[in-house]
Structures are given as C-alpha cells and as structure tokens.
Amino acid sequence: MVLGFGLLLAGAIACGSHDQGDIIAFCELATDGVGTHLVRSTEDLAQLDALEASAPPDIRAAAITIANASREVGEIDDLQELFRRAFDLEQAVAQARLDMLTYTQHRCF
C-alpha cells in the first residue's frame, strides 16, 4: 500500500509539473518579441506555438489568444477563442499583448 501511494504521488507530481510551463523559455521568447507582431512565416508560427507551450498557467490564456490570432479557424478548438476570432479579435489580441508585457516586466529578469 505504501508503494502504491508513492507511485500515485510520483505520478501526480509528474503530471502537475507538465502544467507549470517553462518560465525561462517563455521569458526568452517573450522578451525576444514573439507574439508582438504579425506572423509572416512558418518560423513565426512555430515560435508562437513554443510561446504557448512554455507559458506558465497564469499567462497561458494570453499566449493562446495571441497564437490563435495567427491560426486558421479550423485549427482552433476552444469556443471562446473562436468567438474572439469572429467578433473582437483586435481588442482581444491587444489585451493579451498588454497582459503579456505586464507579466514579463514583473516575472522575467
């Protein structure tokens, strides 16, 4: 039973760490300007994907909004993101960029 609990705890820790993002990678991408300009190439889109994947949970929604602005509509699964895309994309992206700028100013050194 102790071994089972230990395996369960180890699994929970491993799963939880996946959701934490990678603050160092996120900060490097964000301070390099990823997400602050229009996507012009597949490399730019790959960098947005990396930004989204590395985003810590407290800024992930902003990173997703910025990345989804450059995706094809069929690639977006979240209904709220589809709504933003259809009705208030410019305002949502502007707010997400502001949120990301504020976040990086306070969390990235």
For this session: Can you measure from CG (L82) to CD1 (I76) and round to the nearest 0.5 angstrom?
Result: 5.5 Å

For this session: First locate atom CD1 of I23, then atom CG of D58, and finally report the distance between them rounded to the nearest 0.5 Å.
Result: 7.5 Å

Spell out, yes or no, whether [X] and [Y] are grouped together once hydrophobic residues are joined by side-chain heavy atoms under 4.5 Å, including indirect joins.
X    : Y    : answer
L45  : F26  : yes
M100 : L89  : no
I64  : Y103 : no

For this session: Taking R97 for its side chain and I66 for its backbone only, find out whether a donor-acceptor pair lies under 3.5 Å.
Result: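 The answer is no, because no donor-acceptor pair under 3.5 Å joins these two groups.
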
Exercise. Any donor-acceptor pair under 3.5 Å linking the side chain of D22 with the backbone of I24?
Worked result: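 Side chain of D22 to backbone of I24, a donor-acceptor pair under 3.5 Å: yes, one is there.
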
Exercise. Which pairs with one or both residues in residues 29-60 pass ring-ring contact (aromatic ring centres under 6.0 Å, His included), sequence neighbours excluded?
Worked result: none

Exercise. Do the side chains of D44 and S70 get nearer than 4.5 Å, heavy atoms only?
Worked result: no

Closest contact, heavy atoms only, [X] versus [Y]:
X    : Y   : answer
Q20  : R60 : C-NH2, 4.2 Å
T104 : A30 : CG2-CB, 3.4 Å
T65  : A92 : CG2-O, 3.8 Å
D99  : A62 : CB-CB, 4.3 Å
A69  : V93 : CB-CG2, 3.5 Å

For this session: Please determine if D77 and R71 form a salt bridge, counting it only when a charged side-chain N lies under 4.0 Å from a carboxylate O.
Result: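 No, D77 and R71 are not salt-bridged.
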
Exercise. Which pairs, with at least one residue in residues 28-109 and sequence neighbours excluded, count as a disulfide (SG to SG under 2.5 Å)?
Worked result: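 Every disulfide (SG to SG under 2.5 Å) pair that includes a residue of residues 28-109, provided the two are not neighbours, is C27-C108.
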
Exercise. With a cut-off of 6.0 Å (strictly less than), are more than 12 heavy atoms of other residues, nucleotides or ligands near CD of E43?
Worked result: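 Count not over threshold, so no.
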
